[in-house]
Structure formats: C-alpha cells, structure tokens
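Scroll down for the structure; my scribbles are underneath it.
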Amino acid sequence: SQQGEEDPQALSIQEGENATMNCSYKTSINNLQWYRQNSGRGLVHLILIRSNEREKHSGRLRVTLDTSKKSSSLLITASRAADTASYFCATDNAGNMLTFGGGTRLMVKP
Amino acid sequence: DTAVSQTPKYLVTQMGNDKSIKCEQNLGHDTMYWYKQDSKKFLKIMFSYNNKELIINETVPNRFSPKSPDKAHLNLHINSLELGDSAVYFCASSPASLGLVEAFFGQGTRLTVV
C-alpha cells in the first residue's frame with residue numbers, strides 16, 4: 001500500500017482561486033516532500049518540510065505538516081492555468097528511497 | 001544540459017522479449033532509483049542503488065534487474081516482458097541522505113507491451 005495518500009484525487013478550480021491538497025501517511029517520517037508532474041513529464045521537486053517543522057513557504061506555495069495527525073497540506077495561492085498538473089507527496093524511508101502517494105490531479109481553468 | 005536522462009522515451013515491444021532502459025545522471029549524485037508509474041499514476045519504488053548497496057523492493061519480480069556500470073548510470077533490464085509491465089518507468093537520483101534533499105527525475109520511459 002502507498003505510504004502517502006493524497007486527497008482529493010482530482011481538483012478543478014478557476015484561475016485566481018486557491019488550491020489545497022492534503023496528504024496522509026502511515027509511519028513516522030524524517031521529512032515530507034511535494035512534487036509536481038506535468039502531463040507526460042517527470043516529477044519536479046517543489047518543497048521539502050522536515051519533521052520538526054510545522055509550516056514552510058516558497059513563493060505561492062505553503063506547506064503544513066502535522067506529525068501528530070500524520071498529515072500534510074499543500075496550498076497554492078492565486079492559481080494559474082500553468083499550475084495544472086498532478087501533485088504528489090512523498091515521504092522518506094530511512095533515507096534510502098521516497099514513497100509516493102497517488103497524487104492529486106489539479107486543473108486550473110483560465 | 002539534462003540532469004537525469006533516460007532512453008528510450010518510448011518503447012513498444014512484444015510479450016516475452018527482453019529489453020533495457022538506460023539512465024544517466026550528470027549531477028554527481030551517489031544514489032539512483034527506478035520507479036514505476038502505473039496507469040492510475042501511482043508511483044512505486046522498484047530499486048534504490050548507491051555505491052555501497054543495492055536495495056531491492058521485494059514486490060519487484062526477479063525478471064527486473066538493475067545494472068550499474070558506474071555511479072552515473074543505472075540501467076534497468078527486463079526479461080520475459082509481460083502485458084502487466086506496461087507502465088512509465090522513471091529514473092531518479094539524489095545525493096546520499098535522501099531524507100534531507102530532493103530527488104531529480106528523468107522524463108520517463110513509456111513501455112508498452114503488446
């Protein structure tokens with residue numbers, strides 16, 4: 001089974017709106033990462049949050065982490081059509097590999 | 001310059017054939033990986049390999065074998081291809097201690113077994 005589970009599986013919003021995606025995981029983690037995948041492309045790293053951090057910002061991205069609930073959220077503010085992609089959370093596994101969730105497919109309508 | 005490059009980008013082959021996918025990274029990373037992404041977009045780790053150790057995911061059939069001629073290359077060889085092997089395969093690399101840093105992914109190889 002997947003370590004991370006994203007919610008919702010699909011999200012459709014209008015340009016300018018905010019998009020929130022959630023990720024839940026099962027075991028203790030060292031860090032959690034979010035990646036973006038455009039259609040037909042590889043994954044691109046967005047942001048990493050350490051287990052001792054609660055919130056992190058990068059441009060229009062805001063990530064929160066609640067280790068007590070084993071969950072994280074990714075907020076994209078003022079979305080753009082170019083943000084249309086799939087977004088994945090990933091957790092490290094003893095530093096050897098990343099375990100990914102199923103992803104949230106975001107569509108931003110112009 | 002492409003950081004992590006995979007070849008071929010598309011691969012169509014018949015059941016029972018043996019095929020290889022090549023991966024090269026020019027980032028000087030110590031660790032490389034192979035992931036499989038199925039039609040529902042789920043990404044599953046297949047192998048993690050660094051200078052010291054090959055970590056095999058126990059759910060991967062032994063028809064799949066990684067081969068690393070040097071630190072910059074990690075190829076994936078697949079024997080006796082099956083229909084269920086159809087997927088997109090991603091190579092990735094990272095410095096050691098992945099938990100502290102990001103992974104860099106290739107563009108993927110779309111394998112179709114007919």
Side-chain angles (χ1 to χ4, degrees), chain A residues 1-11 21 23 25 27-53 56 58 61 63 65 67 85-107, chain B residues 2-7 9-10 21 23 25 27 29-60 66 74 87-110:
Chain A
S1 63
Q2 299 292 314
Q3 161 73 319
E5 298 288 342
E6 280 90 343
D7 171 58
Q9 291 186 350
L11 180 61
M21 289 158 267
C23 168
Y25 55 91
T27 62
S28 297
I29 62 170
N30 293 325
N31 302 282
L32 186 143
Q33 303 184 28
W34 284 90
Y35 286 78
R36 164 192 169 128
Q37 183 181 30
N38 286 77
S39 180
R41 311 282 291 191
L43 281 79
V44 176
H45 179 263
L46 294 176
I47 196 165
L48 180 153
I49 186 164
R50 300 188 182 199
S51 58
N52 61 355
E53 297 176 310
K56 202 162 184 180
S58 176
L61 305 181
V63 169
L65 179 64
T67 53
S86 291
Y87 293 83
F88 295 86
C89 69
T91 53
D92 71 287
N93 179 5
N96 291 320
M97 57 187 76
L98 287 173
T99 303
F100 285 83
T104 292
R105 299 166 203 25
L106 173 65
M107 174 172 286
Chain B
T2 303
V4 181
S5 59
Q6 297 177 227
T7 55
K9 187 172 182 181
Y10 300 98
I21 306 172
C23 179
Q25 55 96 2
L27 299 167
H29 289 165
D30 289 329
T31 309
M32 296 183 72
Y33 314 84
W34 277 106
Y35 282 85
K36 178 181 179 180
Q37 186 173 43
D38 63 23
S39 58
K40 296 184 178 180
K41 302 294 185 184
F42 282 104
L43 269 162
K44 292 185 178 180
I45 181 72
M46 299 178 71
F47 303 104
S48 168
Y49 193 99
N50 62 21
N51 287 334
K52 303 175 183 177
E53 190 176 4
L54 170 65
I55 298 171
I56 300 174
N57 187 310
E58 60 188 22
T59 64
V60 178
L74 182 64
V88 182
Y89 293 84
F90 287 97
C91 176
S93 74
S94 72
S97 302
L98 179 61
L100 300 175
V101 295
E102 66 192 87
F104 292 78
F105 282 78
Q107 294 300 296
T109 295
R110 182 173 294 276

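Order of the sequence lines fixes the chain letters, A, B, ..., with proteins taken first and strands second; residue numbering starts at 1 for each chain.
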Given a strict heavy-atom distance threshold of 4.5 Å, which part of B:Gln6 is in contact with chain A: side chain, backbone, both, or neither? neither

Nearest 0.5 Å please: distance from the CZ atom of A:Arg41 over to the CZ atom of B:Phe105. 14.5 Å

So what's closer than 4.5 Å to chain B heavy atoms on A:Gln9: side chain, backbone, both or neither? neither

Distance check, rounded to the nearest 0.5 Å: B:Lys41 atom NZ versus A:Gln37 atom CD? 5.5 Å

Going through the distances and angles, do B:Glu102 and A:Tyr35 end up as a side-chain contact (heavy atoms from CB on, under 4.5 Å)? CA-CA 9 Å; B:Glu102 66 192 87; A:Tyr35 286 78; 4.0 Å; yes

When every non-hydrogen atom of B:Tyr35 is compared with those of A:Leu98, the smallest separation belongs to OH-O, 2.7 Å

